[in-house]
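Hydrogens, waters and symmetry mates play no part in the numbers below; they use all other heavy atoms, side chains included.
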Amino acid sequence: MQGPVVFTNGVFDLLHPGHVDVLRVARCHGAALIVGLNGDASVRRLKGPERPVRAEQDRAFMVAALEMVDAVTIFDEDTPLELVRLLQPDVIVKGGDYAPDDIVGAPEVRERGGRVIVVPLTAGHSTTSTIERLRGDRSADAR
C-alpha cells in the first residue's frame, strides 16, 4: 500500500451525518482508512446496559459498506490503544468531542512522526440524542 494509513475508532451504533463527516475527512488524509469498532461488551461498559442498539457485526457491516472505509476491525477493550500499537497508523483521527492530547494512541502515532487530526463535530447529530428522541424525550431535540 502506497501512502499513509489512517485510523479512527468508535461505536458507530446508529450511523449519522457526524459519523460520515469524520470518516470522510479521515479518508482524505491517507491512502487507506482503517476503522476500529468497539465490540458489544466494550460498548456496554462505556455506554451502559442498553447499548449498543445494533450488534457489533451489524455495525461493522454498515461501516465497512461505506466507500471511504478500507477495513473495519472489532476490538473488545475499552480503548483502541493495543490496536493502534499493532496497526501503527500514520494518522489518527477523532471527532471534535476530543482534544488532541486526549486521543488514545495519539502519543504513539506522534512518536513515529505521524499526525493527529480532530474533525469538528457536525451540529445536531449524536447517537445518544437520537435514541432519546426515539424514546420520546423532547429535550433531546435541543442538542
Side-chain angles (χ1 to χ4, degrees), residues 1-134 137 139-143:
M1 175 183 327
Q2 298 291 323
V5 173
V6 181
F7 176 81
T8 192
N9 69 282
V11 174
F12 299 99
D13 204 358
L14 299 175
L15 280 178
H16 57 68
H19 291 133
V20 173
D21 287 344
V22 169
L23 294 169
R24 185 178 295 142
V25 170
R27 186 61 174 84
C28 289
H29 288 279
L33 173 58
I34 300 172
V35 177
L37 189 91
N38 290 77
D40 291 347
S42 171
V43 176
R44 280 190 289 279
R45 287 191 302 273
L46 297 170
K47 305 259 182 200
E50 294 186 359
R51 297 280 302 275
V53 172
R54 291 197 172 120
E56 61 191 33
Q57 294 301 323
D58 294 335
R59 293 182 288 118
F61 177 81
M62 294 295 291
V63 173
L66 298 172
E67 182 177 344
M68 71 283 279
V69 175
D70 293 290
V72 175
T73 185
I74 297 170
F75 64 96
D76 290 317
E77 298 78 20
D78 289 346
T79 75
L81 184 58
E82 293 306 314
L83 189 53
V84 169
R85 288 177 175 158
L86 177 70
L87 295 173
Q88 298 186 4
D90 303 295
V91 182
I92 193 165
V93 176
K94 285 297 284 181
D97 45 348
Y98 288 85
D101 291 336
D102 295 334
I103 296 173
V104 171
E108 288 76 6
V109 169
R110 285 185 180 128
E111 279 177 18
R112 291 188 320 280
R115 296 178 295 140
V116 176
I117 297 168
V118 176
V119 179
L121 289 179
T122 303
H125 297 282
S126 85
T127 300
T128 300
S129 65
T130 299
I131 291 169
E132 290 170 355
R133 212 170 24 257
L134 290 169
D137 180 357
S139 66
D141 292 337
R143 292 186 207 147

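Taking each heavy atom of Pro100 and Ala106 in turn, the nearest pair found is O-CB, 3.7 Å. For the residue pair Leu23 and Leu66, the shortest heavy atom distance occurs at CD1-CD1, 3.6 Å. Contact record, Asp13 with Pro52: OD2-CA, 3.3 Å, taken as the closest heavy-atom pair. The nearest pair of heavy atoms linking Val11 to Leu37 is O-CD1, 3.5 Å.
Every residue two or more places apart in sequence or in another chain was checked for a side chain to side chain donor-acceptor pair (under 3.5 Å) with Glu111, and none qualifies. Listed by chain and residue number, Arg85 satisfy the side chain to side chain donor-acceptor pair (under 3.5 Å) test with Glu82 (two or more places apart in sequence, or in another chain). Applying the salt bridge (charged side-chain N to carboxylate O under 4.0 Å, His left out) criterion to Glu67, with sequence neighbours excluded, gives no partner residue.
Between the His19 side chain and the His16 main chain, a donor and an acceptor come within less than 3.5 Å of each other. With hydrogens and angles disregarded, no donor-acceptor distance shorter than 3.5 Å links the side chain of Asn9 to the backbone of Val35.
The CD1 atom of Ile34 sits 8.0 Å away from the CZ atom of Phe7 when rounded to the nearest 0.5 Å. In this structure, CD on Gln88 lies 4.5 Å from CZ on Arg112, to the nearest 0.5 angstrom.
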Candidate pair Leu121 and Asp21, rule side chain to side chain contact (heavy atoms under 4.5 Å, CB included), full reasoning: CA-CA 8 Å; Leu121 289 179; Asp21 287 344; over 6 Å; no
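The closest side-chain heavy-atom distance from Val104 to Ile92 is not below 4.5 Å. The shortest distance between side-chain heavy atoms of Val93 and Val6 falls below 4.5 Å. Taking the side chain as every heavy atom from C-beta outward, Pro89 and Val109 approach each other to under 4.5 Å.
Other residues, nucleotides and ligands place no more than 12 heavy atoms under 6.0 Å from the CE atom of Met62.
Sequence neighbours left out, the pairs with a member in residues 31-41 that pass side-chain hydrogen bond (donor to acceptor under 3.5 Å, both in side chains) are Asn38-Ser42, Asp40-Arg59. Sorted by first then second residue, the side-chain hydrogen bond (donor to acceptor under 3.5 Å, both in side chains) pairs that include residues 89-106, not counting sequence neighbours, are Asp101-Arg110.
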For residues 69-78, run the donor-acceptor check on the side chains, cut-off 3.5 Å, and write out each pair with its distance to 0.1 Å, sequence neighbours left out.
unit_1: Asp70; atom_1: OD2; unit_2: Arg27; atom_2: NE; d: 3.2
unit_1: Asp70; atom_1: OD2; unit_2: Leu33; atom_2: N; d: 2.7
unit_1: Asp78; atom_1: OD1; unit_2: Arg45; atom_2: NE; d: 2.7
unit_1: Asp78; atom_1: OD1; unit_2: Arg45; atom_2: NH2; d: 3.0

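The side chain to side chain contact (heavy atoms under 4.5 Å, CB included) with Thr8 is formed by just one residue from the set Val25, Ile117, Val22; it is Val22.
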